[in-house]
Amino acid sequence: MYTIKRAAELTGISLSTLRAWERRYGVVSPARTDGRYRLYSAEDLQALGIMSSLVNEGWSAREAAAETKARVSGGGRRQGPLSEVAAGPLPRREPPLPGVDDLVRAAGRLDTVAVSEILDEAFSRARFERVVDDWLMPALVVIGDSWADGRISIAGEHLLSYAVQRRLAAAYEAAGARATGPIITLGLPPGARHELGVLAFAVALRRAGFSTAYLGADLPAGDWATAVVARGAAAVVLAVPRAADVVPARQVCAELGAAHPDLVVFMGGAMQDDVGVGSVPLGHDMRGAIELVDSTLSARRPAGGWQPGAGGSGEPQHQG
């Protein structure tokens, strides 16, 4: 639970605005201590983060409050596994990317075989990192838009999302695990579930020779600090694909900063520049992000070099 002062720090919302949004619009209903002091939950902070992002986009407070409540309760605007990818600053490619129109049509008719064949052909064209940067991520934007405007169904988007996830998971395992060097843990903050981008980056890190531990989606803030100790991590990579993920990511950063002040926290995803709290934005180019991780950790390498199982927390780690 968070005091109103801490909630204001994590969300970037003033104390007076927090009180006003509670009183006027009922966006949150914080608990109260015996002394009547407000205590905000992680869910409250997530709702406030959604409300704040909508207001910053130009929504009126009343409209933003209604939309926030709808999203928190599971309604609101259409959202699916790929639709939020379109929120990122990825450039549109002209002419249209080869195979993307075919991919949309295959997903639309729920043709699993065709989806697999198109993905196979795309990943055969070039190195994994180039395909992800120049084809896969822009293609997901097109797919997300196609679902949002009704050209494909939620079933079609799910089919494609799972096909890509299976391919990335297989590539992650195929890249193998190193037994030496600093370990990097990767995943999503609490409430975040759009994991294709961060999973692709985990694959790229392994292919570049880094030792990684992929933790997946929707990991509670407190569990991140536990994972860092358990794996002896030297760095963490979080992804914030949606505006609603910014506040939970700040919570994770705050927890990690308090427990492990020397830990490097890299931030990826469409909203990475909005997180702050000492995090290091990775940018939106996978190859450039790998170089940034490499240079940052190289500058922190111990005098004797990284030893087997050595991480940034001083705790033993276990490879797996």
Side-chain angles (χ1 to χ4, degrees), residues 1-33 35-89 141 144-145 147-150 154 157 188-195 217-222 238-255 267 269-277 279:
M1 302 294 280
Y2 302 86
T3 65
I4 190 169
K5 181 178 179 181
R6 189 65 176 139
E9 291 173 352
L10 289 171
T11 61
I13 303 168
S14 70
L15 298 178
S16 60
T17 300
L18 285 176
R19 295 188 185 99
W21 286 356
E22 175 192 347
R23 184 176 63 255
R24 297 178 187 174
Y25 307 111
V27 175
V28 293
S29 298
R32 299 274 184 162
T33 67
R36 302 298 297 163
Y37 291 104
R38 291 173 173 85
L39 289 177
Y40 293 82
S41 67
E43 292 75 17
D44 290 333
L45 295 191
Q46 185 174 12
L48 290 167
I50 295 171
M51 174 84 169
S52 179
S53 67
L54 293 173
V55 170
N56 290 336
E57 289 171 8
W59 293 51
S60 72
R62 187 173 301 280
E63 291 171 337
E67 177 69 12
T68 297
K69 293 175 186 176
R71 293 191 188 185
V72 168
S73 64
R77 291 186 169 181
R78 289 168 59 91
Q79 294 181 356
L82 306 181
S83 59
E84 289 289 351
V85 176
V141 173
D145 286 348
W147 177 77
D149 63 21
I154 186 63
E157 194 194 28
L188 295 171
R193 295 181 176 84
H194 299 274
E195 62 180 308
D218 191 20
L219 191 68
L238 282 166
V240 279
R242 309 172 304 158
D245 301 325
V246 170
V247 171
R250 288 176 183 165
Q251 293 174 251
V252 174
C253 289
E255 296 257 3
M267 199 64 59
M271 310 305 295
Q272 60 184 268
D273 294 318
D274 292 351
V275 177
V277 200
S279 62

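This is a predicted model, so every value here is computed, not measured.
- Atom-to-atom distance recorded for Glu9:CD and Leu15:CG is 9.0 Å, nearest 0.5 angstrom.
- Using a distance-only test at 3.5 Å, with no hydrogens or angles considered, a donor-acceptor pair links the side chain of Asp218 to the main chain of Gly191.
- Applying the side chain to side chain contact (heavy atoms under 4.5 Å, CB included) rule to Ala249 yields the partners Pro189, Val240, Met267, Val275; only residues at least two apart in sequence or on another chain are considered.
- For the residue pair Glu255 and Gly222, the shortest heavy atom distance occurs at OE1-CA, 4.3 Å.
- Judged by distance alone, with hydrogens and angles left aside, the side-chain atoms of Thr68 form a donor-acceptor pair with the main-chain N or O of Ala64 at under 3.5 Å.
- Atom-to-atom distance recorded for Glu67:CD and Arg62:CZ is 15.5 Å, nearest 0.5 angstrom.
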Anything under 3.5 Å between a donor and an acceptor, one on a side chain of residues 16-33, the other on a protein residue two or more places apart or in another chain? List them.
from	atom 1	to	atom 2	distance (Å)
Ser16	OG	Ser14	OG	3.3
Thr17	OG1	Ser14	OG	2.8
Glu22	OE1	Arg38	NE	2.6
Arg32	NH1	Arg36	O	3.0
Thr33	OG1	Gly35	N	3.2
Thr33	OG1	Arg36	N	3.4
Thr33	OG1	Tyr37	N	3.1

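- Applying the side chain to side chain donor-acceptor pair (under 3.5 Å) criterion to Asp273, with sequence neighbours excluded, gives no partner residue.
- Every residue was checked against the salt bridge (charged side-chain N to carboxylate O under 4.0 Å, His left out) condition with Glu43, not counting sequence neighbours, and none meets it.
- Of all heavy-atom pairs between Val252 and Leu238, the closest is CG1-CD1, 3.7 Å.
- Of all non-hydrogen atoms in Ala270 and Pro241, the two that sit nearest each other are CB-O, 3.6 Å.
- Residues Ala192 and Ala217 approach most closely at O-CB, 3.5 Å, considering heavy atoms.
- The two residues Tyr2 and Leu45 make their nearest non-hydrogen contact at CD1-CD1, 3.8 Å.
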